[in-house]
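The chains referred to below are lettered A, B, ... by the order of the sequence lines, with proteins before strands, and numbering in each begins at 1. A quick note: this is a predicted structure, and the numbers were derived from the prediction, not measured.
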2 protein chains.
Amino acid sequence: MLKEERHYHILDKIILNRKVLSADLSIELNVSEDTIRRDLNELSAKGLIKKVHGGALPLENNTPSYGERSTYNLEEKNIIAKKAVKIIKDGQVIIMSGSTTNLQLAKIIPSDINATIYTYSLPIALQLTEHPSIEIIFIGGKLHKSAQVTVGLDVVSSISELRADLCFMGTGGINTLNGMTEPDWEVSHIKKSMIAASEKVIVLCTKNKINDVKRYSVAPIHKIDTIVTDIDPNDPIFEDFKEKGVKIL
Amino acid sequence: MLKEERHYHILDKIILNRKVLSADLSIELNVSEDTIRRDLNELSAKGLIKKVHGGALPLENNTPSYGERSTYNLEEKNIIAKKAVKIIKDGQVIIMSGSTTNLQLAKIIPSDINATIYTYSLPIALQLTEHPSIEIIFIGGKLHKSAQVTVGLDVVSSISELRADLCFMGTGGINTLNGMTEPDWEVSHIKKSMIAASEKVIVLCTKNKINDVKRYSVAPIHKIDTIVTDIDPNDPIFEDFKEKGVKIL
DNA sequence: AATAAAAATGCATAAATTTGCGTGTTTGTA
DNA sequence: TACAAACACGCAAATTTATGCATTTTTATT
């Protein structure tokens with residue numbers, strides 16, 4: 001493995017885990033700890049990481065911003081984001097909904113991934129501007145202030161003109177009988193159009209949404225390809241989903 | 001857990017709870033109280049916290065946030081924004097370009113103003129979400145990362161379908177002979193469409209842009225209704241503009 | 001190709017940092 | 001004043017680090 005490859009690996013891992021240990025990296029990358037230390041020193045000299053005794057940390061220890069600190073269930077959402085980010089392959093076209101889980105996902109997309117991402121969420125778009133190689137297309141429309149996403153017919157019609165490989169979306173509730181459901185009529189329509197436009201549908205949802213049902217239907221269960229959760233994918237709660245052909249991560 | 005991780009944890013907790021106790025931290029972070037004390041002493045020596053018997057407290061120091069500190073010419077831009085905000089009348093439809101001056105303007109729109117604002121700038125849209133009564137329409141398209149605005153044909157064609165009372169825009173340069181000019185081809189086209197869509201055109205520009213000329217033409221001087229600047233509107237530099245019927249604020 | 005120069009890597013060793021604990025001192029409170 | 005909690009200090013053990021040097025790999029040049 002080339003030195004530069006190691007450097008990219010280290011940078012990505014720091015973004016993903018908010019820290020790295022020299023000992024871990026030594027095993028992972030199959031080089032001596034000395035080499036890792038030299039790598040960390042170089043990256044630190046370039047001002048890309050903060051080297052500390054035992055490993056390294058990201059530069060501005062991205063103290064979750066004021067708004068985010070209060071985000072409910074942040075830990076669970078990070079677990080989901082870490083699983084989901086591995087689904088993304090180079091060169092894909094992706095649609096992302098405006099959930100906070102998707103925001104966490106946007107933060108940890110490795111820098112060597114090249115993709116086109118459509119989104120209608122202001123915070124996600126803003127976050128993605130920090131990624132070096134992702135092309136971002138913002139879907140315009142009337143802005144919903146508290147959720148900081150665009151909504152309305154403009155959004156639905158824009159999305160229906162797209163063609164994407166993947167879409168990542170949160171959900172209000174999901175079960176095998178009613179499929180995916182949402183409490184908001186407008187959001188349910190936007191998600192319908194996202195699903196229609198995408199080759200594969202990835203649903204990001206925390207445990208408490210499993211087997212929950214909301215007012216408006218979005219899609220039957222067979223339209224969902226993969227559910228990414230914060231708990232063990234072998235949990236018996238997922239048996240029914242697996243029978244219907246849904247992958248669980 | 002790395003020493004620095006503990007430090008960040010401690011700082012976070014102090015901000016959140018307004019105090020920390022050594023005994024609590026010792027349990028939380030699973031290290032001895034001695035270690036916690038050493039941590040607190042280090043952070044205190046760095047001037048980040050105030051160490052007291054039993055724990056530590058924040059030292060309230062209201063430093064201006066990083067984003068604001070770094071904006072170039074912020075003072076001038078605020079002067080312009082304060083003059084420009086008075087132009088806005090209740091119920092108007094407004095288009096705003098993506099300049100930092102417009103961002104300052106967005107921050108100080110009085111909360112009793114009711115208006116519809118079209119913009120293609122992420123920071124401006126985000127700022128406006130804090131206003132209670134303004135309706136925001138975001139103009140979608142490909143996102144330009146460093147400027148955090150959407151660009152491209154989508155933007156131009158969206159704007160050309162609009163009809164607005166006012167538009168506020170920055171400029172690359174302006175003089176009476178060449179009118180308004182921009183260094184960027186794409187931006188020049190977006191601004192052309194903004195002008196075509198608006199009843200009145202308000203140009204926000206600092207002194208150094210007056211009588212400057214850039215590569216691409218945007219509009220002849222007679223299309224401009226008002227120029228808002230940071231200097232005295234009676235300055236002789238504006239004589240020519242006034243003769244051509246441009247109002248100076 | 002052949003070969004020299006440069007860069008990267010691993011190892012041994014000495015130096016440094018970090019941590020917990022024992023000791024005795026200081027502090028806050030009743 | 002009494003007394004428990006919090007503290008500073010020194011020390012030892014464990015861990016991490018820097019450094020010099022030998023070996024291997026990569027790169028550039030003839």
Side-chain angles (χ1 to χ4, degrees), chain A residues 1-64 69 75 78-79 82 90 107-108 110-114 132-133, chain B residues 1-61:
Chain A
M1 173 171 268
L2 298 168
K3 187 168 73 145
E4 295 255 319
E5 282 184 85
R6 284 201 312 273
H7 287 191
Y8 281 120
H9 179 100
I10 292 169
L11 289 173
D12 281 340
K13 182 164 184 184
I14 283 188
I15 291 171
L16 194 60
N17 296 356
R18 309 281 293 284
K19 80 163 173 178
V20 288
L21 303 182
S22 308
D24 290 352
L25 287 171
S26 163
I27 297 168
E28 267 176 51
L29 300 174
N30 200 34
V31 290
S32 73
E33 284 195 40
D34 290 80
T35 302
I36 295 296
R37 262 190 289 280
R38 278 184 272 241
D39 288 340
L40 294 181
N41 281 330
E42 278 184 50
L43 292 170
S44 176
K46 281 187 196 164
L48 298 173
I49 64 173
K50 179 177 182 186
K51 169 130 185 33
V52 299
H53 197 94
L57 298 171
L59 257 195
E60 357 76 30
N61 188 1
N62 251 338
T63 307
R69 197 196 309 284
E75 217 22 75
N78 270 325
I79 294 170
K82 282 183 199 177
D90 215 55
K107 283 184 186 169
I108 59 171
S111 51
D112 61 337
I113 287 274
N114 224 300
S133 53
Chain B
M1 175 170 269
L2 298 169
K3 186 173 69 143
E4 276 74 8
E5 277 187 276
R6 284 200 313 272
H7 287 189
Y8 285 124
H9 178 102
I10 293 169
L11 289 173
D12 272 354
K13 185 165 183 185
I14 284 188
I15 290 171
L16 204 57
N17 297 3
R18 314 283 303 159
K19 79 166 177 182
V20 288
L21 303 181
S22 307
D24 291 351
L25 288 170
S26 164
I27 297 167
E28 264 177 55
L29 300 175
N30 200 33
V31 290
S32 73
E33 284 196 42
D34 287 84
T35 301
I36 295 296
R37 262 191 288 280
R38 277 185 274 241
D39 288 340
L40 295 182
N41 282 330
E42 279 185 49
L43 291 171
S44 176
K46 281 187 195 164
L48 298 173
I49 64 173
K50 180 178 183 187
K51 181 160 179 359
V52 296
H53 197 91
L57 300 171
L59 38 88
E60 42 253 303
N61 233 341

Worksheet item: More than 12 heavy atoms of other residues, nucleotides or ligands under 6.0 Å from CG of A:Asp90: is that the case?
Response: yes
Worksheet entry | Spacing of A:Asp12 atom CG and A:Ile113 atom CD1 [to the nearest 0.5 Å] | 8.5 Å
Worksheet item: Which distance, rounded to the nearest 0.5 Å, do you find between the CD of B:Glu4 and the CD1 of B:Ile10?
Response: 11.0 Å
Discussion item. Distance check needed: C:dA7 C1' versus A:Arg6 CZ, whole Å only.
Written reply: 12 Å
Practice prompt. Calculate the interatomic distance between A:Glu4 atom CD and C:dT9 atom P; express it in whole Å.
Written response: 11 Å
Worksheet item: In whole Å, what is the span from the NZ atom of B:Lys51 to the P atom of C:dG28?
Response: 11 Å
Worksheet entry | Phosphate OP1/OP2 of D:dT16: any B:Lys3 side-chain N/O under 4.0 Å | no
Discussion item. Below the 4.0 Å mark, does D:dA6 have OP1 or OP2 next to a side-chain nitrogen or oxygen of B:Ser22?
Written reply: no
Practice prompt. May I ask you to test the A:Leu48-A:Leu11 pair for a side-chain heavy-atom distance under 4.5 Å?
Written response: yes
Discussion item. Per the salt bridge (Lys or Arg N to Asp or Glu O under 4.0 Å) rule, what does the pair list look like for residues 42-59 of chain B, sequence neighbours excluded?
Written reply: B:Lys3-B:Glu42
Item to complete: Figure out the CG/P separation between A:Leu21 and D:dT15, and round it to whole Å.
Response: 14 Å
Worksheet item: Does a donor on one side chain and an acceptor on the other come within less than 3.5 Å for B:His9 and B:Glu28?
Response: yes
Item to complete: Kindly say whether A:Val31 contributes a backbone atom to a donor-acceptor pair with the side chain of A:Ser26 at under 3.5 angstrom?
Response: yes
Worksheet, complete the sentence: Atom NE2 of B:His53 and atom P of D:dC3 are separated, to the nearest Å, by 18 Å
Worksheet item: What parts of residues 32-48 of chain A reach DNA chain C, counting only heavy atoms under 4.0 Å away?
Response: A:Ser32, A:Asp34, A:Thr35, A:Arg38
Please tabulate, one pair per line, each protein N/O and nucleotide N/O from nucleotides 22-27 of chain D that are separated by under 3.5 Å, including the distance.
none

Practice prompt. First locate atom CG of B:Leu25, then atom CZ of B:Arg6, and finally report the distance between them rounded to the nearest 0.5 Å.
Written response: 10.0 Å
